[in-house]
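The structure under discussion appears below in the form of structure tokens.
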Amino acid sequence: MNEIITMNNEEVLTMTSLEVVDLINKFREEEGNEVVKRHDVLLRDIRNELKILEQFGITNAHNFVEVVYTDAKGEERPCYKLNKAGIMQMLNKESALVRYKTQQYIEALEDRLKQDPYENLSTEMKALLMHDKKIQAVQKEVSEVKEDIRYVKAIAEKSTIDYEQQENIRELVNIRGTEILGGKTAPAYKSMSKKIFQSLWRDYKKYFKVNSYKNTAIKDYENAIRYIQNWHPKYDTVLDINMINSQVAFA
């Protein structure tokens, strides 16, 4: 489907490479040329054209824009969106008749752009349609903003904590483990600290589904702090700690 885009405050007609192929084959048939141009051949021609131009430092960012379309099987396929200059550039190997008819076709479409679509409508209907057009523009902007928000959230989901946050978590684990053992001078600290810290880290990685605390997601950072501060070893382990500390104290 040909589209209208705005460039430098001017409306510009664009067509996909699929539509260009259809035009070429339509006008070839009209002149008696039975050779059908395939879309993949046109794609190859466009890429070769771009490659040659790039060798001379020339880019055609506006003439050829690579996009995708959905085929009959529901699969995405590559194609190009071309403006008038791009279309005519790719017709250099076509016959004079094909080039002429294609140019006439495009100019007819451009003439339609210049016409007022509301010319024969009443003032009230014009106002209604213009209002509807503004609503559609706002809805499009809202949709784009939502898409940007989804993108930012997706990035945040994959982002991990920075070095300072890593150090904060590591320090909190040391504090919490030492606290549970009764302090660094407690007998249980000397005999059970390795077991406690291993258990805390093991539970932490299992809870947050990470292979290292350094891979904690940014979105989980506050929750990670609360998790460490409220972490407790198994009940039997707590009894062992209390027993070791109380035995030495009793002796």
Q. Hey, mind stepping through Glu94 and Thr102 against side chain to side chain contact (heavy atoms under 4.5 Å, CB included) and telling me if it holds?
A. CA-CA 10 Å; Glu94 295 298 322; Thr102 302; over 6 Å; no

same_hphob_cluster([X], [Y]) at 4.5 Å side-chain heavy-atom cutoff:
X: Leu13; Y: Tyr69; answer: no
X: Tyr204; Y: Ile175; answer: no
X: Leu18; Y: Val21; answer: no
X: Leu200; Y: Phe208; answer: yes
X: Val36; Y: Val98; answer: no

Quick one: pull up [atom1] in [X] and [atom2] in [Y] and give me the separation to the nearest 0.5 Å.
X: His39; Y: Tyr80; atom1: NE2; atom2: OH; answer: 10.0 Å
X: Leu42; Y: Lys37; atom1: CG; atom2: NZ; answer: 6.0 Å
X: Gln165; Y: Thr160; atom1: CD; atom2: OG1; answer: 9.0 Å
X: Lys93; Y: Asp45; atom1: NZ; atom2: CG; answer: 5.0 Å
X: Asp236; Y: Ile241; atom1: CG; atom2: CD1; answer: 11.5 Å
X: Asn215; Y: Gln166; atom1: CG; atom2: CD; answer: 8.0 Å

For a 4.5 angstrom cut-off between non-hydrogen side-chain atoms, does [X] reach [Y]?
X: Trp231; Y: Ser199; result: yes
X: Tyr105; Y: Met15; result: yes
X: Met90; Y: Val20; result: no
X: Pro78; Y: Arg47; result: yes
X: Val67; Y: Thr16; result: no

More than 12 heavy atoms of other residues, nucleotides or ligands under 6.0 Å from [atom1] of [X]: is that the case?
X: Glu34; atom1: CD; result: no
X: Gln55; atom1: CD; result: yes
X: Glu179; atom1: CD; result: yes

For [Y], is there an ion pair with [X] - N to carboxylate O distance below 4.0 angstrom?
X: Arg38; Y: Asp40; answer: yes
X: Glu54; Y: Lys51; answer: no
X: Glu31; Y: Lys101; answer: no

Q. Between Tyr207 and Tyr227, is a ring pair (Phe, Tyr, Trp, His ring centres under 6.0 Å) present by the stated rule, with each step listed?
A. CA-CA 9 Å; Tyr207 183 85; Tyr227 179 86; 4.6 Å; yes

Q: For salt bridge (charged side-chain N to carboxylate O under 4.0 Å, His left out), just list the numbers for Lys26 and Glu29, CA-CA rounded to whole Å, side-chain angles, deciding distance to a tenth of an Å, and then say yes or no.
A: CA-CA 5 Å; Lys26 170 181 169 61; Glu29 184 179 0; over 6 Å; no

Atom of [X], atom of [Y] and distance for their closest heavy-atom approach:
X: Ile46; Y: Ser17; value: CD1-CB, 4.3 Å
X: Tyr213; Y: Arg170; value: OH-CD, 3.4 Å
X: Ala85; Y: Asn63; value: CB-OD1, 3.8 Å
X: Ser193; Y: Leu181; value: CA-CD1, 3.5 Å
X: Asn245; Y: Gly182; value: ND2-CA, 4.5 Å
X: Asn168; Y: Tyr221; value: ND2-OH, 3.0 Å

Q) Between His232 and Arg176, does a side chain to side chain contact (heavy atoms under 4.5 Å, CB included) hold up when you go through it step by step? A) CA-CA 9 Å; His232 288 280; Arg176 181 57 180 159; 3.0 Å; yes

Q | Chi angles and distances behind the side chain to side chain contact (heavy atoms under 4.5 Å, CB included) call for Ile180, Phe197 | A | CA-CA 10 Å; Ile180 289 171; Phe197 286 116; over 6 Å; no

Q | Gln103 vs Glu107, side chain to side chain contact (heavy atoms under 4.5 Å, CB included): CA-CA, chis, key distance, verdict | A | CA-CA 6 Å; Gln103 185 168 351; Glu107 288 177 355; 3.2 Å; yes

(Q) Has Asp220 got a side-chain atom pairing as donor or acceptor with Ala224's backbone, closer than 3.5 angstrom? (A) no

